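To keep things clear, I will list the structure first and then write my remarks on it.
These numbers were taken from a predicted model, which means no experiment stands behind them. The figures here come from the full heavy-atom set of this structure, side chains too, leaving out hydrogens, waters and symmetry mates. Chain letters run A, B, ... following the sequence lines, proteins first, then strands; residues in each count from 1.
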Number of protein chains: 2
Amino acid sequence: MNTDSHLDAIDTRIIRVLQTHARATFDEVGEQVGLSASTVLRRIKRLEEAGVITRYAAIINAEAVGLGLTAYLNVRLEKHTTSHKRSPMDAFRASVLTWPEVVECSSLTGEMDYLLRVVVRDMAHYSRFVMDTLLRHPSVQDCKTSFVLDRVKHTTALPL
Amino acid sequence: MNTDSHLDAIDTRIIRVLQTHARATFDEVGEQVGLSASTVLRRIKRLEEAGVITRYAAIINAEAVGLGLTAYLNVRLEKHTTSHKRSPMDAFRASVLTWPEVVECSSLTGEMDYLLRVVVRDMAHYSRFVMDTLLRHPSVQDCKTSFVLDRVKHTTALPL
DNA sequence: ACTGAAAAACAAGGGTT
DNA sequence: AACCCTTGTTTTTCAGT
């Protein structure tokens with residue numbers, strides 16, 4: 001989790017390959033960057049240990065697995081601590097981590113406190129999530145939904 | 001790219017493993033789901049060919065590679081076609097695909113037309129992107145930025 | 001630091017139940 | 001549809017440059 005992991009040009013090129021082809025063999029990566037498989041192996045291991053590469057993910061077509069609806073949800077929390085134990089913020093964060101529908105959650109500058117990306121099967125499921133789970137949460141004051149009509153671009157690759 | 005790829009319980013479990021461990025060997029996946037490596041291989045190949053698994057991605061720690069600032073950008077487009085060639089929508093979409101800072105872009109219901117997630121090195125870079133690129137685009141009417149203060153949750157794994 | 005060779009592990013296809 | 005077995009490939013270690 002280092003902030004300055006002093007990557008050289010070859011590390012950057014290796015990362016670029018793995019961002020789109022995470023199952024490439026060390027030989028294949030080596031061919032792309034002009035290095036032997038064993039050297040590539042050592043560099044990738046170093047990047048993993050330094051926390052630069054955090055994990056490898058298969059990217060799944062949501063519609064193909066029956067998850068046809070995604071929404072962005074702006075959430076505003078209560079401003080006051082009702083209990084002496086912990087803040088609404090901490091309670092909300094802990095809950096978000098347990099809700100599988102929420103695939104992404106960030107705290108933001110601006111009027112709304114959090115932006116969630118929520119992926120569900122259909123509108124019935126979405127409605128249940130908002131009514132029965134989100135709005136019932138004691139930390140949540142209100143929320144605003146925007147449904148995704150079309151995904152124009154969706155990459156997991158950072159601009160390197 | 002099928003919408004009904006009739007996945008059985010084992011396909012679902014294989015996907016769950018690969019979503020978080022995309023470089024696992026077929027043996028390792030097989031151990032998790034109780035199947036032999038060759039059977040797992042055939043099922044994964046089938047999922048790839050059916051477009052259920054679209055690709056494999058190494059997930060990179062943005063801060064560790066010097067990309068410390070991420071922002072959500074709500075964009076509203078011009079409503080009128082100024083040229084007879086194509087709509088502002090098409091022009092905007094085509095441009096978004098060429099802007100590397102934009103890692104995510106969806107069209108939404110609600111007041112704003114598009115939501116972008118933008119990842120950059122620092123505020124200077126962000127400012128340049130908005131002033132010199134985004135707002136200069138002929139299709140763009142206006143935009144509103146929310147900066148990410150903290151990532152509470154960020155998974156690439158769908159809730160299966 | 002990188003390479004190349006050698007051993008161990010793995011992938012991938014065919015035959016069998 | 002799944003398993004086992006076999007062959008070719010890949011990973012991983014290690015001595016050498």
Side-chain angles (χ1 to χ4, degrees), chain A residues 1-67 156-158 160, chain B residues 1-61 63-66 156-158 160:
Chain A
M1 299 285 169
N2 205 337
T3 301
D4 182 22
S5 310
H6 46 78
L7 310 178
D8 65 17
I10 291 170
D11 288 327
T12 303
R13 292 175 66 197
I14 289 173
I15 289 169
R16 270 203 279 259
V17 173
L18 291 179
Q19 281 195 131
T20 46
H21 300 284
R23 279 184 79 100
T25 66
F26 296 118
D27 244 325
E28 285 165 348
V29 178
E31 210 181 331
Q32 295 288 316
V33 305
L35 243 46
S36 72
S38 51
T39 305
V40 168
L41 167 69
R42 261 191 304 105
R43 280 177 177 262
I44 291 176
K45 285 274 169 290
R46 194 166 53 72
L47 291 168
E48 289 170 0
E49 276 153 25
V52 176
I53 299 172
T54 57
R55 68 184 189 282
Y56 300 95
I59 307 303
I60 303 301
N61 180 344
E63 267 135 50
V65 295
L67 296 167
T156 49
L158 300 176
L160 288 174
Chain B
M1 300 287 167
N2 206 337
T3 300
D4 182 21
S5 308
H6 46 79
L7 310 178
D8 64 17
I10 291 169
D11 287 326
T12 303
R13 291 176 67 196
I14 289 173
I15 290 169
R16 269 203 279 257
V17 173
L18 290 178
Q19 281 195 133
T20 46
H21 300 284
R23 278 186 80 100
T25 66
F26 296 117
D27 247 325
E28 285 165 345
V29 178
E31 209 180 333
Q32 296 287 317
V33 306
L35 242 47
S36 74
S38 56
T39 305
V40 169
L41 166 70
R42 266 190 301 104
R43 280 177 176 261
I44 290 176
K45 286 273 170 289
R46 195 166 52 72
L47 292 169
E48 288 170 359
E49 276 151 27
V52 177
I53 298 172
T54 58
R55 66 184 191 283
Y56 299 95
I59 306 303
I60 303 301
N61 180 345
E63 268 135 50
V65 294
T156 50
L158 300 176
L160 289 175

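- Residue-level contact check: A/T25 touches the backbone only, with heavy atoms under 4.0 Å from sugar-phosphate atoms and none from bases.
- For B/R46 and B/E49, the salt-bridge test fails: no basic side-chain N is under 4.0 Å from an acidic carboxylate O.
- Nucleic acid contact class of B/T39 (heavy atoms, under 4.0 Å, all strands): base.
- Between the CG atom of A/D27 and the P atom of C/dA5 there is a distance of 13 Å, given to the nearest Å.
- Closest approach to the A/R42 side chain among D/dT11, D/dT12, C/dC2 is made by C/dC2 (side chain taken as heavy atoms from C-beta onward).
- Residue-to-nucleotide proximity on DNA chain C shows that, of A/R23 and A/S36, the 5′-proximal contact is made by A/S36.
- Remark: C1' of D/dT11 and CD of B/E28 are 12 Å apart, rounded to the nearest angstrom.
- Atom C1' of nucleotide D/dC4 and atom CG of B/L41 are separated by 14 Å, given to the nearest angstrom.
- In this structure, the CG atom of A/L35 is 11 Å from the P atom of C/dG4, given to the nearest Å.
- Separating the NE2 atom of B/H6 from the P atom of D/dA1 is a distance of 10 Å, rounded to the nearest angstrom.
- Contact annotation: B/R43 side-chain N/O to D/dA2 OP1/OP2 distance is under 4.0 Å.
- The minimum heavy-atom distance between B/R43 and B/D11, with the atom names listed, is NH1-OD1, 2.9 Å.
- Rounded to an integer number of Å, the gap from CZ of B/R46 to P of C/dA12 is 17 Å.
- For B/S38 and D/dC4, a side-chain-to-base donor-acceptor distance below 3.5 Å is present, hydrogens and geometry of angles not being considered.
- The interatomic distance linking B/F26 (CZ) with D/dC5 (P) rounds to 20 Å, in whole Å.
- A pairwise comparison of heavy atoms in A/L158 and B/N61 identifies CD1-C, 4.4 Å as the closest pair.
- For the pair B/R23 (side chain) and A/R55 (backbone), a donor-acceptor distance under 3.5 Å is absent.
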